[in-house]
Amino acid sequence: MPSSPPDLNPEQYEAVHTLHGPLLIIAGAGSGKTRVITYRIAQMLEEHIPQNAILALTFTNKAAREMEQRVKELTGRKLTNLTVSTFHAFGVQVLRESGSALGYRDNFTIYDTEDCLTLLKSCAHELGQVWESKDLPDVAQLFSAIKTGRRGWEGEPAEYRELYREYGEHLLLYNAVDFDDLIMKPIEMFSTHPEILDAYRKRYRYILVDEFQDTSISQFEIVRLLADEHRNLCVVGDDDQSIYSWRGANFENIVLFERHFPERKEIKLEQNYRSTGIILAAANALIVHNTNRKEKALWTPTEGGKSIEVIHPVDETDEARFIAETIKTLKFRENRTYDDFGILVRTNSLTKHLEMALLHHNIPYKVSGGTSFFQRKEVKDVIAYLRLVVNPSDDVNFLRILNTPRRGAGRQFLELLVAVSRAKSLCHFDALKDILVTQQSGVPDETRAELAAFMELIEEYQTRSRRPRVKMAPQARELLEEAGYYEYLALENAKSDKAFRWKTQNIESLLKFLEDWETDPDNSRPDLGSFLNRITLITRDDLNDREEKGAVSLMTIHASKGLEFKVVFVVGVEDKIMPHEKSLAEGPEVLEEERRLFYVAITRAREKLYLTVCRTRRTLKETFHPAPSPFLEELPTELLQESETQQEDVTEEDWDDLMASLKKKMQP
DNA sequence: GTAAGGCCCGTTTTT
DNA sequence: CGGGCCTTAC
């Protein structure tokens, strides 16, 4: 590794070589941020800072993996002791290592959003509270805001507090945590157990945070606690690309950072290596309309470029058709490949027509969105079995599979189970055992036998899982077989053999994944518990990587952050979509966030940018004539070229065909 | 306890 | 217009 690479500009060079003390790097879009970060880590290793003293925090698993990969390539070293992790995964690590201080056993389970909702529902039920099930997600969101300190209780009814308390108690009882706990519990532990905090401070003496504008107050709190003493904290971010405030992200963390670390050094990376002068000029002209931002101006030596095209399709079908045809044309005429193209949408609901058009034109594409692999029912069922094997106190997952396949445990039995659990303070699993042992009346013999078999099955595999060096993937196959899960799937999908095979295949993929995890020589924690916690934190984007190259990318603007494409289409650049009408209601700061969102979209493009504005758009019931996005007026007209599309009718049959093939693709 | 049909709802972004 | 959830009927 070159110690002073010639390919860094002066600011980048300084950022790479400033290793001590607090450092704030404001990295504009396309300013070579990732390179700076990887070079900087490489430089640390070069200066003999031990790997295990470095902690690099990112937002997504994907970013973490990429960073690790690039450092590996750059240095040619094995990086077994370097910690590159997401905030949440770091939280898991801390809880595993030290969570016993707060009463967690290291086999704890992480609940995803769905699990939490299930738990909330059962808590409400237990308290005799009646909720419209559509309201529960809102309640869950409120609880999340409260847990992370973004909101207080004022103005909320007393039942909410009661439900919140019940929810929290149950989590603890189940030895389970939700996403927020992964951040808040470490903070709690650090404040109540200074000796633990001290150990982490001594260990992680160099800390780096990527996408700092997306960190929440509590995430910054973790970092601040860790870095307070040694103060070797480098944060990298771009306030103009802060688009996650609804999730608690607070780009004013940048201000907080300056306050907490007044001796900080600040470096601005303003040279853009990505986009043409025209695209950059448009982006700059747009973002200056935001009031609350750090002054900066991206520049590029490559002036000019192709104009930004503003297209006015007749309607959304025409819009999709135009995009598909343009992709085909450009691929041929400019000799491009499909992965040169990115289609960006504000909301997932906008992708439908686009998918159909791409399908119609035989254009390979990948979408980020829809249900993630790990959310599919059959996959979650299998995960529930495995989670129960790891953590028998996990009632939510217990209930998920108790009657899957059917074992005759219906409403009545459930009432009994809950009653026994409560009366004897047992988890459901132990309560089941108790019911079976005490020969409690009211349970039909057949049911009793099936449930006994179920219980013994789980216990058997709990025992097996504790054997040293056991490989759980083959065990899991056996477990499912014995549980009759495959038969259940066959029965459930009796009408469609294809559906059955598809689901079995998904399960097989999951178990393959587990197998790879268990046999990976570089994996320092190849146990089942770590695997399960790991996959709960995996989101859709992380998996997309494994898919084929050579496909057009179709995704939300949010999902596109950090990516770039030679040609970008931004779909529906219309009022009420961009800015989105739902967000407008929330106030003027949100308008600025919507502008940042558009800014992110524009700056994904390297060479050519298309913006589409439909003449008419159909929503649920009505058709209307959308106005162009107000943001369009903020772009200098001389950079834009407006045009209509030539319409070409799609016949009714074509439409039906496409509908059919789209369905087939989504649910084989 | 399960299976099928009707009703009502919705559409912001996701670690 | 389509999907998910809930009720009702065996």
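In the text below, chain A, chain B and the rest are named by the order of the sequence lines, each starting its count at 1. Basis for what follows: all heavy atoms, side chains included, without hydrogens, waters or symmetry-related copies.
At B/dT13, none of the side-chain N or O atoms of A/Ser583 fall inside 4.0 Å of OP1 or OP2 (strictly under the cut-off). Side-chain nitrogen and oxygen atoms of A/Asn348 include none within less than 4.0 Å of the OP1 or OP2 phosphate oxygen of B/dT12.
Distance noted for atom C1' between C/dC6 and B/dT11: 22 Å (whole Å).
The side chain of A/Lys582 lies closest to B/dT12 when the candidates are B/dT12, B/dT13, B/dT15.
One N or O donor and one acceptor, one from the side chain of A/His88 and one from the base of B/dT15, sit under 3.5 Å apart.
Atom CD of A/Glu114 has more than 12 neighbouring heavy atoms from other residues, nucleotides or ligands inside a 6.0 Å radius.
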Give each protein N/O atom lying under 3.5 Å from an N/O atom of nucleotides 7-10 of chain C, with the pair distance.
none

Strictly under 3.5 Å: I want the nitrogen or oxygen pairs between protein and nucleotides 1-5 of chain B, one per line.
| residue | atom | partner | partner atom | Å |
| --- | --- | --- | --- | --- |
| B/dG1 | OP1 | A/Arg411 | N | 3.3 |
| B/dG1 | OP2 | A/Gly410 | N | 3.1 |
| B/dG1 | OP2 | A/Arg411 | N | 3.3 |
| B/dT2 | OP1 | A/Arg406 | NE | 3.0 |

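Judged by ring centres under 5.5 Å apart and planes tilted less than 30 degrees, A/Tyr244 fails to stack against the six-membered base ring of B/dT13.
Residue A/His580 is in sugar-phosphate contact alone, with no base atom involved, counting any heavy-atom pair closer than 4.0 Å across all strands shown.
Taking atom NZ of residue A/Lys147 and atom P of nucleotide B/dT15, one finds them 19 Å apart after rounding to whole Å.
For the atom pair A/Thr603 OG1 and A/Tyr599 OH, the distance stands at 5.5 Å (nearest 0.5 Å).
Under the 3.5 Å distance criterion, with hydrogens and angles disregarded, a donor-acceptor pair is assigned to the side chains of A/Gln213 and A/Glu211.
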